**Q** 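Before I ask anything, let me first share the structure, which is written out below as structure tokens.
What you see is a predicted model, and the numbers here were worked out from it, not measured in a lab. Just so you know, these numbers use all the heavy atoms, side chains as well, and skip hydrogens, waters and symmetry mates. Letters A, B, ... are given to chains in the order of the sequence lines, protein chains preceding strands, and every chain is numbered from 1.
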Amino acid sequence: MISFVQTLSDLLWDALQRAFPDASLPNACLEITLSTQPHFGHYQCNSAMRFSKALGCSPRTIAETWLKALPANTFIAKVDIAGPGFINIWVQADAVTAQLTMMASRERLCLPQALAERIVIDFSSPNIAKQMHVGHLRSTIIGDCLARIFEYLGFDVLRLNHIGDWGTAFGMLIAYLKQHQPDVLSGQQHTDLSHLVNWYRASKKSFDEDADFKQIAQQEVVALQRGERDSLHAWQIICAISKENYQEIYDLLDIRVTDRGESFYNPLLAATVNDLTAKGLVSISDGAKCIFLEGFSNRDGEPLPLMIQKSDGGYNYASTDMAALKHRVEVEHATRILYLTDSGQAQHFAMIFKAADLAGYLKQEGITVRLDHVPFGLVLGPDGKKFKTRSGETEALIDLIQAAIVEADRLLQERGLDLSAEALHHTAHVLGINAIKYADLSNNRIHDYVFSYERMLRFDGNTAAFLMYAYVRIQSLKRRTKVNPSIYLNTPLELLQPAELELGLHLLRFEEILRQISHDLLPNRLCEYLFNLAEKFNAFFRDCRVEGVSEQNARLHLCDITARILKTGMELLGLKVIEKM
RNA sequence: GCGCCCGUAGCUCAGUUGGAUAGAGUGUUGGUUUCCGAAACCAAAGGUCAGAGGUUCGAUUCCUCUUGGGCGCACCA
């Protein structure tokens with residue numbers, strides 16, 4: 001759909017060229033934005049000031065000449081010049097109605113991409129033999145949300161879980177299990193992640209303190225990488241136990257992601273290193289294969305390497321990331337790759353991206369692959385420091401989620417709702433998880449944010465519950481009037497009152513918001529949009545009676561579109577929508 | 001030391017091609033229901049946008065410096 005701003009922009013651009021046919025304007029792009037104040041109209045154009053120099057006269061004169069050339073049209077109701085040369089625009093309700101009707105007639109509320117660009121989103125990425133913790137929460141939630149938005153926009157999205165399932169740690173864990181837990185490896189004894197975590201700690205201790213064990217562990221790594229059957233089998237058992245644990249979390253959070261861990265790229269590592277070497281990018285430093293890149297130096301001011309092979313011949317995460325990038329471009333044909341990790345890895349990815357560019361991995365069939373590191377800040381505890389439990393341990397994600405659900409349950413019970421125990425429990429479940437997700441997504445991801453059950457579970461303010469409440473209220477109203485949807489959906493929309501027009505204009509901006517997020521990758525913009533939508537609906541609902549008035553069915557139609565966008569928007573954030581609460 | 005990120009109301013945060021009087025939420029104070037869900041709405045109060053300079057018609061936004069905080073910087077990922 002051509003956005004409303006675009007339509008206005010086209011109209012004004014034509015007028016500008018008619019008004020100043022001989023002028024060469026510096027910028028073919030008009031600046032049209034939402035008005036900053038209600039009395040400045042619906043939209044404002046700020047370009048007259050910018051053109052002042054090029055046209056050699058004052059912004060006000062430009063604006064006056066410009067608007068005289070604006071032909072009569074069905075979009076603009078009124079224009080006005082204010083201040084130094086701002087052009088304020090009031091739109092015609094009929095034009096909004098027409099666009100809204102067109103939008104609502106489609107099953108999907110925005111147009112799909114002309115070309116289904118292939119986009120890889122690398123997110124979540126827990127580590128085998130470790131609990132998922134808050135650090136994985138943001139990657140998982142934000143990554144899933146971006147994936148949903150890109151899918152909705154019609155991109156061909158490949159969600160990849162780059163699990164930490166390979167590397168030196170497995171040697172010691174396998175060695176330890178062989179020595180102390182043979183029944184687990186033989187499959188005779190089932191176990192869970194909490195035991196695994198303890199064994200991991202114990203094996204680490206032995207590794208650090210016992211030279212003999214260390215040697216055995218290192219041999220296990222070699223055996224594993226060689227693909228020896230016993231070692232591989234042990235590795236598979238360890239992975240399976242871990243996956244059980246994080247699949248439980250993904251089920252709770254409704255996250256869909258394809259497992260493709262570091263181990264997947266193991267067979268590609270040697271070839272990748274060879275390829276980089278053949279391209280002359282690699283030099284040997286202290287026995288390790290390194291790529292030295294301009295602009296990166298270490299604490300002693302010496303060049304900082306991107307190490308792609310260790311001096312002992314082993315590979316590390318840079319090797320895997322280079323191989324993965326190559327695979328995603330060459331085999332998966334990705335034209336864009338997003339990496340959802342904390343901002344601490346910014347330098348690492350900056351180096352990976354630069355090295356990939358130098359190696360020519362980003363040019364494929366005339367297309368330049370776009371790489372985005374999508375960084376995010378830390379989750380902080382109430383003390384403003386990195387989130388920890390009271391005992392100072394890193395909090396397991398599963399506990400965190402359960403706690404939110406328990407807290408939501410308690411709050412709902414306090415309210416004394418007219419719900420069955422089962423319905424209340426279900427609502428608490430949805431509310432708890434929605435609250436965690438929304439609290440995360442509604443903050444700008446760049447910043448650290450303070451985690452607080454109390455704040456995220458509030459029923460008022462910019463929270464998940466506020467959006468859910470706005471939605472159920474609309475659904476309730478639709479039920480209450482007992483009008484068959486086929487009747488109100490076929491009743492022409494009318495935007496008579498200012499609050500109706502405001503709501504209608506806001507509804508039209510949905511696609512524009514999603515497109516913007518596909519560029520800046522900031523889901524908080526969708527949260528803000530939906531929060532404003534709920535507010536504008538509340539204003540409409542305050543000013544415009546729905547039930548039992550002559551405009552009833554037209555207004556029910558508007559309510560229905562509002563509910564659809566609220567629902568779609570919440571689903572794009574990964575929130576569950578309920579019909580009653 | 002080098003590099004990256006951040007500093008906006010008491011608190012939590014928006015504010016991205018530079019736009020008019022910097023906005024929400026929360027908290028505080030006051031108000032709104034014979035009427036569609038008051039889990040709502042309205043209003044008041046609250047600011048040196050960390051500080052200083054620069055760029056220009058215009059800077060929270062871009063540049064430089066200062067300051068405070070966070071993170072990264074060779075064989076863990």
Side-chain angles (χ1 to χ4, degrees), chain A residues 27 29 31 33 35-37 40 44 46-47 49-50 52-53 58-59 82-86 88 125 127 162 164 166-169 262 285-290 295-312 314-318 320-321 341-348 350-351 375 377-378 384-386 415 417 439 442-444 446-450 452 455 458-463 465-466 468-470 472-478 480-481 516 519-520 522 524-525 527-528 531-532 534-535 538-539 541-549 552 555 559 580-581:
Chain A
N27 191 343
C29 189
E31 188 186 350
T33 59
S35 289
T36 53
Q37 311 268 336
F40 292 151
Q44 63 183 55
N46 308 328
S47 299
M49 278 85 77
R50 178 167 303 176
S52 178
K53 240 176 209 167
S58 78
F86 293 100
N88 296 329
S125 309
N127 294 311
H162 196 74
W166 204 248
T168 46
E262 294 168 352
S285 174
D286 293 344
K289 289 187 184 169
C290 300
F296 296 93
S297 58
N298 68 14
R299 66 187 82 217
D300 303 319
E302 291 155 7
L304 179 69
L306 179 69
M307 186 183 298
I308 53 163
Q309 190 169 15
K310 298 190 286 183
S311 54
D312 65 3
Y315 299 103
N316 61 5
Y317 73 134
T320 310
D321 280 341
T341 81
D342 66 274
S343 44
Q345 297 191 46
Q347 183 174 263
H348 169 68
M351 294 178 86
L378 298 171
K385 297 193 174 151
K386 203 168 170 174
R415 299 212 157 230
L417 297 175
S442 60
N443 280 301
N444 183 318
I446 307 287
H447 301 85
D448 297 346
Y449 90 96
V450 178
S452 157
R455 265 203 305 276
R458 280 181 189 162
F459 295 100
D460 34 31
N462 187 5
T463 63
F466 181 82
M468 291 163 73
Y469 177 68
V472 298
R473 231 169 51 159
I474 300 174
Q475 296 304 83
S476 162
L477 174 67
K478 281 158 55 186
R480 185 189 156 87
T481 57
Q516 191 184 10
H519 292 110
D520 61 28
L522 293 172
N524 63 300
R525 295 187 186 284
C527 297
E528 191 185 14
F531 178 62
N532 290 334
E535 284 185 319
N538 285 334
F541 196 61
R542 177 193 65 219
D543 295 346
C544 305
R545 174 88 198 171
V546 176
E547 193 183 0
V549 298
Q552 171 180 285
R555 285 182 173 160
C559 286
K580 281 185 188 177
M581 62 191 283

**Q** Between A:F541 and B:C36, do the rings stack, that is, sit under 5.5 Å apart with planes less than 30° off each other?
**A** yes
**Q** How far, in whole Å, is B:C65 from B:U29 if one measures between their C1' atoms?
**A** 44 Å
**Q** What nucleic acid atoms does A:N538 come within less than 4.0 Å of, heavy atoms only: base, sugar-phosphate, or nothing?
**A** sugar-phosphate
**Q** Identify whether any heavy atom of A:M581 sits under 4.0 Å from a base atom; if not, whether one sits that close to sugar-phosphate; answer base, sugar-phosphate or nothing.
**A**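 Base contact.
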**Q** Using the P atom in both, what is the distance from B:U26 to B:U48, to the nearest Å?
**A**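 Their P atoms lie roughly 23 Å apart.
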**Q** Give one of base, sugar-phosphate or nothing for A:F40, where a contact means two heavy atoms less than 4.0 Å apart.
**A** base
**Q** Evaluate whether the aromatic ring of A:F531 and the six-membered ring of the B:A24 base sit under 5.5 Å apart, centre to centre, with an inclination under 30°.
**A** no
**Q** Please list, chain by chain and in numerical order, all residues satisfying side-chain contact (heavy atoms from CB on, under 4.5 Å) with A:A539, sequence neighbours excluded.
**A** A:R542
**Q** Can you tell me, in whole Å, how much space there is between the C1' of B:U16 and that of B:U60?
**A** 12 Å
**Q** Contact class for A:C544 (heavy atom, under 4.0 Å): base, sugar-phosphate, or nothing?
**A** base
**Q** Look at the side chain of A:Q37 and decide which nucleotide, out of B:U16, B:U21, B:A14, has an atom nearest to it.
**A** B:U21
**Q** What's the closest nucleotide to the side chain of A:R545 if the choices are B:A74, B:C35, B:G19?
**A** B:C35
**Q** Identify whether any heavy atom of A:I446 sits under 4.0 Å from a base atom; if not, whether one sits that close to sugar-phosphate; answer base, sugar-phosphate or nothing.
**A** sugar-phosphate
**Q** Would you please confirm or rule out a distance under 4.0 Å between OP1 or OP2 of B:U17 and any side-chain N or O of A:H519?
**A** no
**Q** Answer yes or no as to whether B:A20 has its base stacked against A:F86, where stacking requires a ring-centre separation under 5.5 angstrom and planes under 30 degrees apart.
**A**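 Yes, A:F86 stacks on the base of B:A20, since the ring centres sit under 5.5 Å apart and the planes are within 30°.
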**Q** Students often get this wrong, so: under 4.0 angstrom with heavy atoms, is A:R542 touching a base, only sugar-phosphate, or nothing?
**A**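 If one applies the 4.0 Å heavy-atom cut-off, A:R542 turns out to touch the sugar-phosphate alone, with no base involved.
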**Q** For a quick check of understanding: with a heavy-atom distance under 4.0 Å over all strands, which category does A:S125 fall into, base, sugar-phosphate or nothing?
**A** nothing
**Q** Hey, does the side chain of A:R455 come within less than 4.0 Å of B:C13's phosphate (OP1/OP2), counting only N and O?
**A** no
**Q** Over 60° means perpendicular and under 30° means parallel, so classify the ring planes of A:H348 and A:Y317, tilted if in between.
**A**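 Geometry flag for A:H348 against A:Y317: parallel rings.
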**Q** Determine the Euclidean distance between corresponding C1' atoms of B:G47 and B:G15; express it in Å to zero decimal places.
**A** 15 Å
**Q** Determine the contact category for A:Q309: base if any of its heavy atoms lies under 4.0 Å from a base atom, sugar-phosphate if only primed atoms, P, OP1 or OP2 are that close, otherwise nothing.
**A** nothing
**Q** When you look for runs of 3 or more Watson-Crick or G-U pairs in a row, both distances below 3.5 Å, which of them include RNA chain B?
**A**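 As far as RNA chain B goes, consecutive pairing (with distances under 3.5 Å) yields the stems B:1-7 with B:67-73, B:10-13 with B:23-26, B:28-32 with B:40-44, B:50-54 with B:62-66.
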**Q** Looking at A:F459 versus A:Y469, is the centre-to-centre ring distance below 6.0 Å?
**A** no
**Q** A:S285 versus A:P305: any side-chain heavy-atom pair under 4.5 Å?
**A** no
**Q** If you measure from the P atom in B:C62 to the same atom in B:G7, how many Å do you get, rounded?
**A** 10 Å
**Q** With a 4.0 Å cutoff (strictly under), does any side-chain N or O of A:N462 reach OP1 or OP2 of B:A14?
**A** no
**Q** Any idea which of B:G23, B:C76, B:U16 is nearest the A:T168 side chain?
**A**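 Nearest nucleotide to the side chain: B:C76.
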**Q** Categorize A:V450 for me: base, sugar-phosphate, or nothing, with a 4.0 angstrom heavy-atom threshold over every strand shown.
**A**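 Result for A:V450 = sugar-phosphate.
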**Q** Quickly work out the A:M351 CE to B:C71 P distance and round it to whole Å.
**A**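 It works out to 21 Å between those atoms.
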**Q** Picking from B:G72, B:A77, B:G25, which would you name as closest to the side chain of A:E262?
**A** B:A77
**Q** Please compare A:Y317 and A:L304 by the position of their nearest nucleotide in RNA chain B and report the one closer to 5'.
**A**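 By nearest-heavy-atom nucleotide position, the 5'-most residue is A:L304.
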**Q** I'd like the C1' distance from B:C63 over to B:G23, given in whole Å.
**A** 27 Å
**Q** Can you tell me which nucleotide in B:A74, B:G37, B:U16 comes closest to the side chain of A:N444?
**A** B:U16
**Q** Mind checking A:G344 for me? I need base, sugar-phosphate or nothing, with any heavy atom below 4.0 Å counting as a touch.
**A**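 Sugar-phosphate contact only.
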**Q** If the P atom of B:C11 is compared with that of B:G53, how far apart are they to the nearest Å?
**A** 26 Å
**Q** Which nucleotide, B:C5, B:G37, B:A14, lies nearest any side-chain atom of A:H447?
**A**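 The nucleotide sitting nearest to the side chain is B:A14.
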**Q** Just to be sure I understand the rule, does A:R480 reach a base, reach only the sugar-phosphate, or reach nothing, if contact means heavy atoms closer than 4.0 Å?
**A**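 It contacts sugar-phosphate atoms only.
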**Q** Considering only the C1' atoms, how many Å lie between B:G68 and B:A50, rounded to the nearest integer?
**A**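 It works out to 8 Å between them.
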**Q** Which nucleotide, B:A74, B:G25, B:A39, lies nearest any side-chain atom of A:C290?
**A**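 Nucleotide nearest to A:C290's side chain: B:A74.
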**Q** Under 4.0 Å, heavy atoms only, any strand: does A:R458 hit a base, just the sugar-phosphate, or nothing?
**A**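 Counting heavy atoms under 4.0 Å across all strands, the contact made by A:R458 is with sugar-phosphate only.
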**Q** Quick one: which protein N/O atoms are closer than 3.5 Å to N/O atoms of nucleotides 56-59 of chain B? Pair and distance per line, please.
**A**
unit_1 : atom_1 : unit_2 : atom_2 : d
B:C57  : OP1    : A:K53  : NZ     : 3.4

**Q** At under 4.0 Å between heavy atoms, what does A:D286 touch on the DNA or RNA strands: base, sugar-phosphate, or nothing?
**A** base
**Q** Would you indicate what A:N88 reaches in the nucleic acid, counting non-hydrogen atoms under 4.0 angstrom: base, sugar-phosphate, or nothing?
**A** base
